[in-house]
K.L.:
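Below you'll find the structure I mean.
Heavy atoms only: backbone and side chains are in, while hydrogens, waters and symmetry mates are out. Residue numbers start from 1 in every chain, and the chains themselves are labelled A, B, ... in the order their sequence lines are given, proteins ahead of strands.
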Amino acid sequence: MRDLFLHRDLIWHLVQRDLRVRYRRSTLGLLWTMLQPLLMMLILHVVFSHAFRVELYSYPVYALAGILFWNFFSQSIVASMNSLRGNAAILSKLPVPKAAFPVATVISGVVNLALAMVPLLAILIVTGHPLSWALLFLPVSILLAGLFTLGAGLLLSPLAVFFSDVVELVTVMLTLCMYLTPIFYPMSIVPDQFRWLVRFNPIRSILEVFRDPIYFGKIPPPQHLAVCAVVALVALAIGALAFRRSSDRIPFYI
Amino acid sequence: MPEPVIELEGVSLCYRLAKQRIPSFKEYALHWVRGALTYEQLWALRDVTLRVDRGETLGIVGRNGAGKSTLLKVISRVLVPTRGRCLVRGRVAPILELGTGFDYELTGRENVFLNALLLGHSRRSIEERYDAIVDFSGLGDFIRSPVRNYSSGMLARLAFSILTAWTPDVLVLDEFLAVGDVHFLRKCEERLDALKAAGTTMLLVSHMAEAIRTHCRRCVWLDGGRLVADGTPDDVLERYAGANGPPAVTPAPVF
(Lines give C-alpha, C1' and ligand atoms only; values in the text may rest on other atoms or scores of the structure.)
Protein backbone atom coordinates (compact mmCIF):
# COMPACT_ATOMS: atom_id res chain seq x y z
CA MET A 1 0.00 0.00 0.00
CA ARG A 2 2.69 2.46 1.03
CA ASP A 3 4.74 1.41 -1.96
CA LEU A 4 1.81 2.13 -4.23
CA PHE A 5 1.46 5.57 -2.75
CA LEU A 6 5.15 6.28 -3.25
CA HIS A 7 4.77 5.22 -6.87
CA ARG A 8 1.67 7.33 -7.47
CA ASP A 9 3.39 9.35 -10.17
CA LEU A 10 4.23 6.10 -11.94
CA ILE A 11 0.61 4.98 -11.75
CA TRP A 12 -0.59 8.27 -13.13
CA HIS A 13 1.98 8.02 -15.91
CA LEU A 14 0.73 4.53 -16.82
CA VAL A 15 -2.87 5.80 -16.84
CA GLN A 16 -1.95 8.66 -19.15
CA ARG A 17 -0.09 6.34 -21.47
CA ASP A 18 -3.06 4.03 -21.60
CA LEU A 19 -5.46 6.84 -22.41
CA ARG A 20 -3.14 8.33 -24.99
CA VAL A 21 -2.92 5.02 -26.82
CA ARG A 22 -6.68 4.69 -26.77
CA TYR A 23 -7.45 8.17 -28.01
CA ARG A 24 -4.43 8.72 -30.22
CA ARG A 25 -6.05 8.02 -33.57
CA SER A 26 -7.78 11.34 -33.78
CA THR A 27 -9.59 13.99 -31.88
CA LEU A 28 -12.60 11.86 -32.69
CA GLY A 29 -11.11 9.18 -30.49
CA LEU A 30 -13.82 9.52 -27.93
CA LEU A 31 -16.49 9.11 -30.58
CA TRP A 32 -14.73 6.06 -31.93
CA THR A 33 -14.66 4.34 -28.60
CA MET A 34 -18.32 5.15 -28.23
CA LEU A 35 -19.13 3.73 -31.62
CA GLN A 36 -18.94 0.13 -30.44
CA PRO A 37 -21.39 0.52 -27.53
CA LEU A 38 -23.70 2.62 -29.69
CA LEU A 39 -23.79 0.02 -32.45
CA MET A 40 -24.29 -2.65 -29.85
CA MET A 41 -27.15 -0.64 -28.44
CA LEU A 42 -28.68 -0.31 -31.88
CA ILE A 43 -28.48 -4.05 -32.51
CA LEU A 44 -29.99 -4.88 -29.14
CA HIS A 45 -32.65 -2.30 -29.76
CA VAL A 46 -33.62 -3.81 -33.08
CA VAL A 47 -33.52 -7.36 -31.76
CA PHE A 48 -35.01 -6.98 -28.33
CA SER A 49 -37.07 -3.84 -28.08
CA HIS A 50 -40.02 -5.69 -29.50
CA ALA A 51 -39.66 -8.54 -27.05
CA PHE A 52 -39.33 -6.34 -23.99
CA ARG A 53 -41.62 -3.55 -25.05
CA VAL A 54 -44.08 -4.22 -22.31
CA GLU A 55 -41.57 -4.08 -19.53
CA LEU A 56 -39.24 -1.33 -20.62
CA TYR A 57 -39.79 2.11 -22.01
CA SER A 58 -36.85 3.67 -23.90
CA TYR A 59 -34.98 0.42 -24.16
CA PRO A 60 -31.92 1.99 -25.85
CA VAL A 61 -31.05 3.92 -22.71
CA TYR A 62 -31.48 0.83 -20.57
CA ALA A 63 -29.25 -1.21 -22.85
CA LEU A 64 -26.63 1.46 -23.39
CA ALA A 65 -26.14 2.04 -19.67
CA GLY A 66 -25.75 -1.70 -19.22
CA ILE A 67 -23.32 -2.03 -22.10
CA LEU A 68 -21.13 0.83 -20.91
CA PHE A 69 -20.92 -0.70 -17.47
CA TRP A 70 -20.22 -4.16 -18.81
CA ASN A 71 -17.56 -2.98 -21.24
CA PHE A 72 -15.81 -1.19 -18.43
CA PHE A 73 -15.97 -4.21 -16.16
CA SER A 74 -14.93 -6.89 -18.62
CA GLN A 75 -12.33 -4.84 -20.47
CA SER A 76 -10.71 -3.71 -17.24
CA ILE A 77 -10.40 -7.26 -16.00
CA VAL A 78 -8.90 -8.60 -19.19
CA ALA A 79 -6.61 -5.58 -19.48
CA SER A 80 -5.37 -5.89 -15.91
CA MET A 81 -4.62 -9.56 -16.51
CA ASN A 82 -2.61 -8.58 -19.57
CA SER A 83 -0.94 -5.72 -17.74
CA LEU A 84 1.07 -8.07 -15.53
CA ARG A 85 1.99 -10.37 -18.40
CA GLY A 86 2.84 -7.45 -20.65
CA ASN A 87 5.22 -5.95 -18.13
CA ALA A 88 6.95 -9.22 -17.32
CA ALA A 89 10.42 -7.89 -18.08
CA ILE A 90 9.98 -5.05 -15.64
CA LEU A 91 8.43 -7.16 -12.88
CA SER A 92 11.28 -9.63 -12.90
CA LYS A 93 14.06 -7.05 -12.94
CA LEU A 94 12.95 -3.96 -11.08
CA PRO A 95 11.62 -3.54 -7.55
CA VAL A 96 8.30 -2.03 -8.68
CA PRO A 97 5.13 -2.59 -6.64
CA LYS A 98 3.43 -5.13 -8.87
CA ALA A 99 -0.06 -3.91 -8.13
CA ALA A 100 0.78 -0.62 -9.85
CA PHE A 101 -0.04 -2.15 -13.23
CA PRO A 102 -3.53 -3.52 -12.55
CA VAL A 103 -4.34 -0.44 -10.48
CA ALA A 104 -3.35 1.86 -13.34
CA THR A 105 -5.36 -0.26 -15.77
CA VAL A 106 -8.54 -0.01 -13.74
CA ILE A 107 -8.06 3.71 -13.16
CA SER A 108 -7.80 4.32 -16.89
CA GLY A 109 -10.94 2.22 -17.31
CA VAL A 110 -12.71 4.45 -14.79
CA VAL A 111 -11.59 7.54 -16.69
CA ASN A 112 -12.95 6.01 -19.88
CA LEU A 113 -16.26 5.23 -18.26
CA ALA A 114 -16.47 8.78 -16.96
CA LEU A 115 -15.73 10.15 -20.42
CA ALA A 116 -18.43 7.93 -21.91
CA MET A 117 -20.98 9.82 -19.81
CA VAL A 118 -20.76 12.72 -22.28
CA PRO A 119 -22.09 10.81 -25.30
CA LEU A 120 -24.52 9.02 -23.00
CA LEU A 121 -25.95 12.36 -22.04
CA ALA A 122 -26.33 13.16 -25.74
CA ILE A 123 -28.27 9.93 -26.24
CA LEU A 124 -30.52 10.77 -23.32
CA ILE A 125 -31.31 14.11 -24.92
CA VAL A 126 -31.78 12.67 -28.40
CA THR A 127 -34.12 9.92 -27.25
CA GLY A 128 -36.05 12.41 -25.14
CA HIS A 129 -35.30 10.53 -21.95
CA PRO A 130 -36.01 12.72 -18.92
CA LEU A 131 -32.88 14.22 -17.39
CA SER A 132 -32.75 14.19 -13.65
CA TRP A 133 -30.58 15.61 -10.92
CA ALA A 134 -29.91 12.02 -9.95
CA LEU A 135 -27.34 11.95 -12.77
CA LEU A 136 -25.09 13.92 -10.44
CA PHE A 137 -24.95 10.80 -8.30
CA LEU A 138 -23.06 8.94 -11.04
CA PRO A 139 -19.54 9.72 -9.77
CA VAL A 140 -20.36 7.71 -6.64
CA SER A 141 -21.69 4.84 -8.77
CA ILE A 142 -18.60 4.90 -10.97
CA LEU A 143 -16.34 4.92 -7.93
CA LEU A 144 -18.08 1.87 -6.48
CA ALA A 145 -17.90 0.11 -9.85
CA GLY A 146 -14.20 0.97 -9.96
CA LEU A 147 -13.48 -0.48 -6.50
CA PHE A 148 -15.36 -3.67 -7.34
CA THR A 149 -13.57 -4.06 -10.66
CA LEU A 150 -10.20 -3.39 -9.05
CA GLY A 151 -10.88 -6.18 -6.58
CA ALA A 152 -11.71 -8.60 -9.39
CA GLY A 153 -8.67 -7.45 -11.38
CA LEU A 154 -6.30 -7.92 -8.44
CA LEU A 155 -7.72 -11.36 -7.76
CA LEU A 156 -7.43 -12.57 -11.35
CA SER A 157 -4.36 -10.84 -12.75
CA PRO A 158 -1.72 -12.96 -10.95
CA LEU A 159 -3.44 -16.11 -12.23
CA ALA A 160 -2.79 -14.92 -15.76
CA VAL A 161 0.92 -14.94 -14.96
CA PHE A 162 0.87 -18.45 -13.52
CA PHE A 163 -1.20 -20.03 -16.29
CA SER A 164 -1.31 -18.85 -19.86
CA ASP A 165 -4.84 -20.05 -20.58
CA VAL A 166 -6.51 -18.21 -17.73
CA VAL A 167 -7.25 -15.17 -19.87
CA GLU A 168 -9.31 -17.29 -22.26
CA LEU A 169 -10.96 -19.05 -19.37
CA VAL A 170 -11.89 -15.77 -17.74
CA THR A 171 -13.22 -14.42 -21.03
CA VAL A 172 -15.62 -17.35 -21.21
CA MET A 173 -16.61 -16.89 -17.57
CA LEU A 174 -17.23 -13.22 -18.24
CA THR A 175 -19.64 -14.11 -21.03
CA LEU A 176 -21.49 -16.37 -18.62
CA CYS A 177 -21.57 -13.57 -16.05
CA MET A 178 -22.90 -11.21 -18.67
CA TYR A 179 -25.91 -13.43 -19.25
CA LEU A 180 -26.44 -13.73 -15.50
CA THR A 181 -26.52 -9.97 -15.18
CA PRO A 182 -29.49 -7.96 -16.42
CA ILE A 183 -27.42 -5.97 -18.89
CA PHE A 184 -29.78 -5.99 -21.83
CA TYR A 185 -32.82 -7.76 -20.42
CA PRO A 186 -35.13 -6.68 -17.60
CA MET A 187 -35.29 -8.68 -14.37
CA SER A 188 -38.93 -9.48 -15.07
CA ILE A 189 -38.20 -11.83 -17.99
CA VAL A 190 -36.03 -14.12 -15.88
CA PRO A 191 -37.89 -17.38 -15.21
CA ASP A 192 -38.73 -17.87 -11.56
CA GLN A 193 -36.50 -20.87 -11.00
CA PHE A 194 -33.42 -18.92 -12.14
CA ARG A 195 -34.26 -15.61 -10.60
CA TRP A 196 -32.19 -16.20 -7.45
CA LEU A 197 -29.12 -16.66 -9.65
CA VAL A 198 -29.52 -13.21 -11.09
CA ARG A 199 -30.72 -11.64 -7.88
CA PHE A 200 -27.74 -12.77 -5.84
CA ASN A 201 -25.27 -11.97 -8.57
CA PRO A 202 -23.04 -9.34 -6.92
CA ILE A 203 -22.33 -7.69 -10.26
CA ARG A 204 -26.02 -6.87 -10.55
CA SER A 205 -26.02 -4.70 -7.45
CA ILE A 206 -23.07 -2.73 -8.80
CA LEU A 207 -24.77 -2.39 -12.17
CA GLU A 208 -28.06 -1.17 -10.74
CA VAL A 209 -26.45 1.51 -8.64
CA PHE A 210 -24.90 2.70 -11.89
CA ARG A 211 -28.02 2.40 -14.01
CA ASP A 212 -30.67 3.70 -11.62
CA PRO A 213 -29.64 7.36 -11.91
CA ILE A 214 -29.43 7.11 -15.71
CA TYR A 215 -32.49 5.06 -16.52
CA PHE A 216 -34.91 5.69 -13.70
CA GLY A 217 -33.58 9.14 -12.92
CA LYS A 218 -33.46 8.39 -9.24
CA ILE A 219 -30.78 7.96 -6.65
CA PRO A 220 -30.56 4.28 -5.69
CA PRO A 221 -32.42 3.45 -2.46
CA PRO A 222 -30.20 3.34 0.64
CA GLN A 223 -30.44 -0.40 1.13
CA HIS A 224 -29.30 -1.06 -2.47
CA LEU A 225 -26.51 1.41 -1.99
CA ALA A 226 -25.41 -0.27 1.22
CA VAL A 227 -25.38 -3.71 -0.44
CA CYS A 228 -23.45 -2.29 -3.36
CA ALA A 229 -20.86 -0.63 -1.11
CA VAL A 230 -20.39 -3.83 0.90
CA VAL A 231 -20.04 -5.89 -2.29
CA ALA A 232 -17.48 -3.45 -3.69
CA LEU A 233 -15.40 -3.29 -0.52
CA VAL A 234 -15.49 -7.04 0.07
CA ALA A 235 -14.39 -7.63 -3.53
CA LEU A 236 -11.57 -5.14 -3.09
CA ALA A 237 -10.47 -6.72 0.19
CA ILE A 238 -10.45 -10.23 -1.30
CA GLY A 239 -8.58 -9.01 -4.37
CA ALA A 240 -5.99 -7.11 -2.36
CA LEU A 241 -5.37 -10.04 -0.01
CA ALA A 242 -5.08 -12.54 -2.83
CA PHE A 243 -2.73 -10.26 -4.70
CA ARG A 244 -0.55 -9.78 -1.66
CA ARG A 245 -0.31 -13.50 -1.11
CA SER A 246 0.64 -14.30 -4.66
CA SER A 247 2.63 -11.26 -5.74
CA ASP A 248 5.94 -12.55 -4.35
CA ARG A 249 5.66 -15.54 -6.65
CA ILE A 250 5.01 -13.53 -9.79
CA PRO A 251 8.66 -12.93 -10.81
CA PHE A 252 9.32 -16.66 -10.65
CA TYR A 253 6.74 -17.43 -13.30
CA ILE A 254 7.64 -14.80 -15.82
CA MET B 1 30.92 2.64 13.73
CA PRO B 2 30.04 0.71 10.57
CA GLU B 3 26.35 0.60 9.93
CA PRO B 4 24.96 -2.44 8.16
CA VAL B 5 22.89 -1.63 5.09
CA ILE B 6 22.48 -5.13 3.74
CA GLU B 7 22.00 -8.08 6.03
CA LEU B 8 21.36 -11.54 4.69
CA GLU B 9 20.92 -14.37 7.10
CA GLY B 10 20.88 -17.91 5.82
CA VAL B 11 19.25 -16.86 2.57
CA SER B 12 18.31 -19.72 0.27
CA LEU B 13 16.36 -19.35 -2.90
CA CYS B 14 14.75 -22.14 -4.80
CA TYR B 15 13.43 -22.03 -8.31
CA ARG B 16 10.80 -24.69 -8.49
CA LEU B 17 10.79 -26.02 -12.00
CA ALA B 18 7.91 -28.24 -12.90
CA LYS B 19 9.19 -31.42 -14.48
CA GLN B 20 6.28 -31.39 -16.84
CA ARG B 21 5.77 -28.15 -18.62
CA ILE B 22 2.53 -26.81 -17.25
CA PRO B 23 1.75 -23.69 -19.13
CA SER B 24 -1.97 -23.81 -18.70
CA PHE B 25 -4.51 -24.08 -16.00
CA LYS B 26 -6.19 -26.98 -17.78
CA GLU B 27 -3.03 -29.04 -17.65
CA TYR B 28 -2.38 -28.01 -14.09
CA ALA B 29 -5.79 -29.26 -13.10
CA LEU B 30 -5.31 -32.52 -15.00
CA HIS B 31 -1.94 -33.16 -13.43
CA TRP B 32 -3.18 -32.22 -10.03
CA VAL B 33 -6.08 -34.62 -10.28
CA ARG B 34 -3.72 -37.43 -11.27
CA GLY B 35 -1.40 -36.48 -8.44
CA ALA B 36 1.36 -36.22 -10.99
CA LEU B 37 2.65 -32.80 -10.11
CA THR B 38 6.34 -33.17 -9.47
CA TYR B 39 8.86 -30.45 -9.33
CA GLU B 40 12.54 -30.21 -9.80
CA GLN B 41 14.10 -27.95 -7.26
CA LEU B 42 16.89 -25.71 -8.30
CA TRP B 43 18.58 -23.99 -5.40
CA ALA B 44 20.15 -20.87 -6.82
CA LEU B 45 21.25 -19.66 -3.41
CA ARG B 46 22.14 -21.87 -0.47
CA ASP B 47 22.40 -20.50 3.01
CA VAL B 48 24.04 -17.21 2.12
CA THR B 49 24.89 -15.00 5.05
CA LEU B 50 26.32 -11.64 4.18
CA ARG B 51 26.60 -8.25 5.73
CA VAL B 52 27.53 -5.12 3.84
CA ASP B 53 28.07 -1.81 5.59
CA ARG B 54 27.21 1.68 4.51
CA GLY B 55 29.64 3.04 1.96
CA GLU B 56 31.21 -0.32 1.23
CA THR B 57 31.76 -1.49 -2.33
CA LEU B 58 31.46 -5.20 -2.73
CA GLY B 59 32.60 -7.13 -5.78
CA ILE B 60 30.88 -10.41 -6.60
CA VAL B 61 32.52 -13.04 -8.77
CA GLY B 62 31.54 -16.51 -9.78
CA ARG B 63 30.90 -18.61 -12.84
CA ASN B 64 27.76 -18.37 -14.93
CA GLY B 65 24.91 -19.91 -12.99
CA ALA B 66 26.66 -19.51 -9.65
CA GLY B 67 23.81 -17.41 -8.31
CA LYS B 68 25.24 -13.91 -8.69
CA SER B 69 22.27 -12.42 -10.47
CA THR B 70 19.84 -14.18 -8.16
CA LEU B 71 21.66 -12.72 -5.18
CA LEU B 72 21.39 -9.25 -6.68
CA LYS B 73 17.70 -9.77 -7.35
CA VAL B 74 17.12 -10.74 -3.74
CA ILE B 75 18.99 -7.68 -2.51
CA SER B 76 17.09 -5.49 -5.01
CA ARG B 77 13.83 -6.82 -3.54
CA VAL B 78 12.74 -8.33 -6.83
CA LEU B 79 12.80 -11.90 -5.52
CA VAL B 80 11.78 -12.96 -2.05
CA PRO B 81 14.05 -15.67 -0.61
CA THR B 82 12.59 -19.12 -0.04
CA ARG B 83 14.34 -19.36 3.32
CA GLY B 84 16.23 -16.97 5.47
CA ARG B 85 16.02 -13.28 5.98
CA CYS B 86 17.06 -10.41 3.77
CA LEU B 87 17.08 -6.93 5.20
CA VAL B 88 18.07 -3.96 3.08
CA ARG B 89 17.87 -0.48 4.50
CA GLY B 90 16.95 2.32 2.16
CA ARG B 91 16.44 2.63 -1.54
CA VAL B 92 18.01 0.23 -4.00
CA ALA B 93 18.83 1.32 -7.53
CA PRO B 94 19.57 -1.69 -9.71
CA ILE B 95 20.70 -2.27 -13.27
CA LEU B 96 20.14 -6.00 -13.42
CA GLU B 97 19.95 -6.12 -17.17
CA LEU B 98 20.54 -3.46 -19.73
CA GLY B 99 17.35 -2.12 -21.24
CA THR B 100 15.03 -3.04 -18.38
CA GLY B 101 12.38 -0.43 -17.85
CA PHE B 102 12.89 1.12 -21.26
CA ASP B 103 10.18 1.29 -23.83
CA TYR B 104 11.99 1.00 -27.13
CA GLU B 105 9.31 2.83 -29.07
CA LEU B 106 9.55 5.93 -26.90
CA THR B 107 12.17 8.63 -27.21
CA GLY B 108 15.11 8.93 -24.85
CA ARG B 109 13.38 11.82 -23.14
CA GLU B 110 10.20 9.87 -22.48
CA ASN B 111 12.26 6.97 -21.27
CA VAL B 112 14.06 9.13 -18.73
CA PHE B 113 10.68 9.75 -17.16
CA LEU B 114 9.39 6.19 -17.48
CA ASN B 115 12.55 4.68 -16.08
CA ALA B 116 12.88 7.07 -13.18
CA LEU B 117 9.19 6.68 -12.34
CA LEU B 118 9.67 2.92 -12.27
CA LEU B 119 12.50 3.46 -9.82
CA GLY B 120 9.99 5.26 -7.63
CA HIS B 121 10.92 8.90 -8.16
CA SER B 122 8.34 11.64 -8.32
CA ARG B 123 7.64 13.50 -11.52
CA ARG B 124 8.80 16.73 -10.00
CA SER B 125 12.17 15.45 -8.88
CA ILE B 126 12.68 13.97 -12.34
CA GLU B 127 11.93 17.30 -13.95
CA GLU B 128 14.44 18.97 -11.66
CA ARG B 129 17.16 16.56 -12.66
CA TYR B 130 16.25 16.05 -16.30
CA ASP B 131 18.82 18.43 -17.77
CA ALA B 132 21.57 17.04 -15.59
CA ILE B 133 20.68 13.50 -16.63
CA VAL B 134 20.80 14.29 -20.34
CA ASP B 135 23.95 16.29 -19.88
CA PHE B 136 25.75 13.49 -18.06
CA SER B 137 24.63 10.90 -20.58
CA GLY B 138 26.26 12.90 -23.35
CA LEU B 139 23.53 11.80 -25.73
CA GLY B 140 22.85 15.32 -26.97
CA ASP B 141 20.21 15.40 -29.69
CA PHE B 142 19.82 11.63 -29.64
CA ILE B 143 17.66 12.11 -26.58
CA ARG B 144 14.85 13.06 -28.94
CA SER B 145 15.01 9.91 -31.04
CA PRO B 146 13.44 6.57 -30.17
CA VAL B 147 15.48 4.30 -27.95
CA ARG B 148 15.25 1.47 -30.47
CA ASN B 149 17.85 3.36 -32.52
CA TYR B 150 20.30 3.42 -29.63
CA SER B 151 23.41 1.31 -29.47
CA SER B 152 23.95 -0.72 -26.32
CA GLY B 153 26.58 1.78 -25.27
CA MET B 154 24.12 4.64 -25.58
CA LEU B 155 21.52 2.71 -23.67
CA ALA B 156 24.03 2.05 -20.92
CA ARG B 157 24.87 5.74 -20.77
CA LEU B 158 21.27 6.71 -20.37
CA ALA B 159 20.50 4.00 -17.82
CA PHE B 160 23.49 4.88 -15.71
CA SER B 161 22.77 8.59 -15.87
CA ILE B 162 19.22 8.07 -14.69
CA LEU B 163 20.16 5.66 -11.94
CA THR B 164 22.87 7.85 -10.46
CA ALA B 165 21.08 11.18 -10.73
CA TRP B 166 19.80 10.42 -7.26
CA THR B 167 21.92 9.10 -4.45
CA PRO B 168 20.62 5.60 -3.73
CA ASP B 169 21.44 3.79 -0.53
CA VAL B 170 22.42 0.74 -2.50
CA LEU B 171 23.59 0.72 -6.10
CA VAL B 172 23.53 -2.63 -7.87
CA LEU B 173 25.39 -3.06 -11.14
CA ASP B 174 25.29 -6.42 -12.88
CA GLU B 175 27.94 -6.65 -15.57
CA PHE B 176 27.40 -3.03 -16.26
CA LEU B 177 30.94 -1.73 -16.63
CA ALA B 178 31.49 -3.96 -19.64
CA VAL B 179 29.58 -1.60 -21.92
CA GLY B 180 30.33 1.96 -22.81
CA ASP B 181 33.42 3.58 -24.23
CA VAL B 182 36.54 4.57 -22.35
CA HIS B 183 35.52 8.17 -22.11
CA PHE B 184 32.18 7.37 -20.56
CA LEU B 185 33.69 4.74 -18.32
CA ARG B 186 35.93 7.41 -16.82
CA LYS B 187 32.91 9.62 -16.19
CA CYS B 188 31.16 6.66 -14.60
CA GLU B 189 34.06 6.06 -12.32
CA GLU B 190 34.04 9.67 -11.18
CA ARG B 191 30.34 9.42 -10.50
CA LEU B 192 30.79 6.17 -8.60
CA ASP B 193 33.48 7.79 -6.47
CA ALA B 194 31.15 10.68 -5.69
CA LEU B 195 28.39 8.28 -4.68
CA LYS B 196 30.80 6.31 -2.54
CA ALA B 197 31.77 9.52 -0.79
CA ALA B 198 28.09 10.23 -0.24
CA GLY B 199 27.72 6.89 1.51
CA THR B 200 26.17 4.72 -1.20
CA THR B 201 26.79 1.03 -0.80
CA MET B 202 27.66 -0.67 -4.08
CA LEU B 203 27.42 -4.17 -5.35
CA LEU B 204 29.34 -4.94 -8.47
CA VAL B 205 29.14 -8.12 -10.48
CA SER B 206 31.83 -8.36 -13.08
CA HIS B 207 33.81 -10.91 -15.01
CA MET B 208 36.54 -8.35 -15.37
CA ALA B 209 39.00 -8.72 -12.55
CA GLU B 210 40.30 -5.23 -13.23
CA ALA B 211 36.95 -3.61 -12.60
CA ILE B 212 36.65 -5.39 -9.28
CA ARG B 213 40.18 -4.43 -8.28
CA THR B 214 39.74 -0.75 -9.06
CA HIS B 215 36.39 -0.31 -7.38
CA CYS B 216 36.16 -2.74 -4.52
CA ARG B 217 38.01 -3.28 -1.32
CA ARG B 218 36.06 -6.40 -0.60
CA CYS B 219 35.02 -9.24 -2.82
CA VAL B 220 32.96 -12.39 -2.45
CA TRP B 221 32.97 -15.51 -4.57
CA LEU B 222 29.79 -17.43 -5.21
CA ASP B 223 29.87 -21.00 -6.38
CA GLY B 224 26.88 -23.28 -6.71
CA GLY B 225 24.79 -20.81 -4.78
CA ARG B 226 27.13 -20.79 -1.81
CA LEU B 227 29.42 -18.09 -0.58
CA VAL B 228 32.81 -19.76 -0.82
CA ALA B 229 35.13 -16.84 -0.22
CA ASP B 230 34.96 -13.38 1.30
CA GLY B 231 37.99 -11.13 1.50
CA THR B 232 40.16 -8.64 -0.30
CA PRO B 233 39.77 -8.61 -4.10
CA ASP B 234 43.36 -9.74 -4.67
CA ASP B 235 42.89 -12.67 -2.38
CA VAL B 236 39.52 -13.79 -3.63
CA LEU B 237 40.28 -13.22 -7.30
CA GLU B 238 43.42 -15.27 -7.02
CA ARG B 239 41.62 -18.20 -5.45
CA TYR B 240 38.81 -17.84 -7.96
CA ALA B 241 41.21 -17.83 -10.89
CA GLY B 242 43.05 -20.80 -9.41
CA ALA B 243 39.89 -22.82 -9.04
CA ASN B 244 38.76 -22.19 -12.58
CA GLY B 245 41.93 -23.10 -14.38
CA PRO B 246 42.76 -20.58 -17.07
CA PRO B 247 41.45 -17.17 -16.07
CA ALA B 248 37.77 -16.91 -16.85
CA VAL B 249 38.00 -13.20 -16.42
CA THR B 250 38.28 -12.03 -20.00
CA PRO B 251 35.93 -9.19 -20.73
CA ALA B 252 32.89 -10.04 -22.79
CA PRO B 253 33.10 -8.54 -26.26
CA VAL B 254 31.04 -5.43 -26.54
CA PHE B 255 29.47 -4.40 -29.79
K.L.:
Could you measure the distance from the CG atom of Asn87(A) to the CG atom of Leu118(B)? Nearest 0.5 Å is fine.
P.N.:
8.0 Å
K.L.:
Excluding sequence neighbours, so at least two apart, what forms salt bridge (Lys or Arg N to Asp or Glu O under 4.0 Å) with Arg17(A)?
P.N.:
Asp103(B)
K.L.:
Is Leu114(B) close to chain A through its backbone or its side chain, or both, or neither, when contacts mean heavy atoms under 4.5 Å?
P.N.:
both
K.L.:
Give me each pair satisfying side-chain hydrogen bond (donor to acceptor under 3.5 Å, both in side chains) with a member in residues 201-210 of chain A, each pair once, sequence neighbours excluded.
P.N.:
Thr181(A)-Asn201(A), Arg204(A)-Glu208(A)
K.L.:
At their closest point, which heavy atom of Thr100(B) faces which heavy atom of Lys93(A), and how far apart are they?
P.N.:
CG2-CB, 3.4 Å
K.L.:
For Arg144(B), does the CZ atom have more than 12 heavy-atom neighbours from other residues, nucleotides or ligands under 6.0 Å away?
P.N.:
no
K.L.:
Chain A contacts: which residues in residues 77-91 of chain B have a non-hydrogen atom closer than 4.5 Å to it?
P.N.:
Arg77(B), Val78(B), Leu79(B), Val80(B)
K.L.:
Counting only heavy atoms from other residues, nucleotides and ligands, does the tally under 6.0 Å from OH of Tyr104(B) exceed 12?
P.N.:
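Yes, OH of Tyr104(B) has more than 12 neighbouring heavy atoms, counting only those of other groups under 6.0 Å.
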K.L.:
Step through the shown structure and confirm whether more than 12 heavy atoms of other residues, nucleotides or ligands are within 6.0 Å of CE on Met40(A).
P.N.:
no
K.L.:
Looking at Met173(A), I'd like to know if its CE atom is crowded, meaning that more than 12 non-hydrogen atoms belonging to other residues, nucleotides or ligands lie closer than 6.0 Å.
P.N.:
no
K.L.:
Which region of Leu13(B), side chain (C-beta onward) or backbone (N, CA, C, O), has a non-hydrogen atom less than 4.5 Å from a non-hydrogen atom of chain A, or is it both or neither?
P.N.:
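Interface part for Leu13(B): side chain.
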K.L.:
Roughly how far, to the nearest 0.5 Å, is CG of Leu117(B) from CG of Leu14(A)?
P.N.:
8.0 Å
K.L.:
How long is the span from the CZ atom in Arg123(B) to the CG atom in Leu10(A), to the nearest 0.5 Å?
P.N.:
10.0 Å
K.L.:
Could you report the tightest heavy-atom contact between Pro95(A) and Pro94(B), atom names first, then the distance?
P.N.:
CD-CG, 3.7 Å
K.L.:
How about Arg199(A): does its CZ atom have over 12 heavy atoms from other parts shown lying under 6.0 Å from it?
P.N.:
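No, the 6.0 Å shell around CZ holds no more than 12 heavy atoms from other groups.
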K.L.:
The criterion is salt bridge (Lys or Arg N to Asp or Glu O under 4.0 Å); which residues satisfy it with Asp53(B), sequence neighbours excluded?
P.N.:
Arg51(B)
K.L.:
If you tally heavy-atom pairs under 4.5 Å against chain B, which of Leu6(A), Val96(A), Leu94(A) wins?
P.N.:
Leu94(A)
K.L.:
Would you say that more than 12 heavy atoms from the other residues, nucleotides or ligands in this model lie under 6.0 Å from the CZ of Arg195(A), or not?
P.N.:
yes
K.L.:
Can you tell me how far CG of Asp9(A) sits from NE2 of His121(B), rounded to the nearest 0.5 angstrom?
P.N.:
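Here the rounded value is 11.5 Å.
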K.L.:
Within a 6.0 Å radius of atom CZ on Phe142(B), are there more than 12 heavy atoms belonging to other residues, nucleotides or ligands?
P.N.:
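Check fails, neighbour count at 12 or below.
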K.L.:
Given that the side chain runs from C-beta out, which part of Leu72(B) has a heavy atom under 4.5 Å from chain A: side chain, backbone, both or neither?
P.N.:
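Neither part; nothing is under 4.5 Å.
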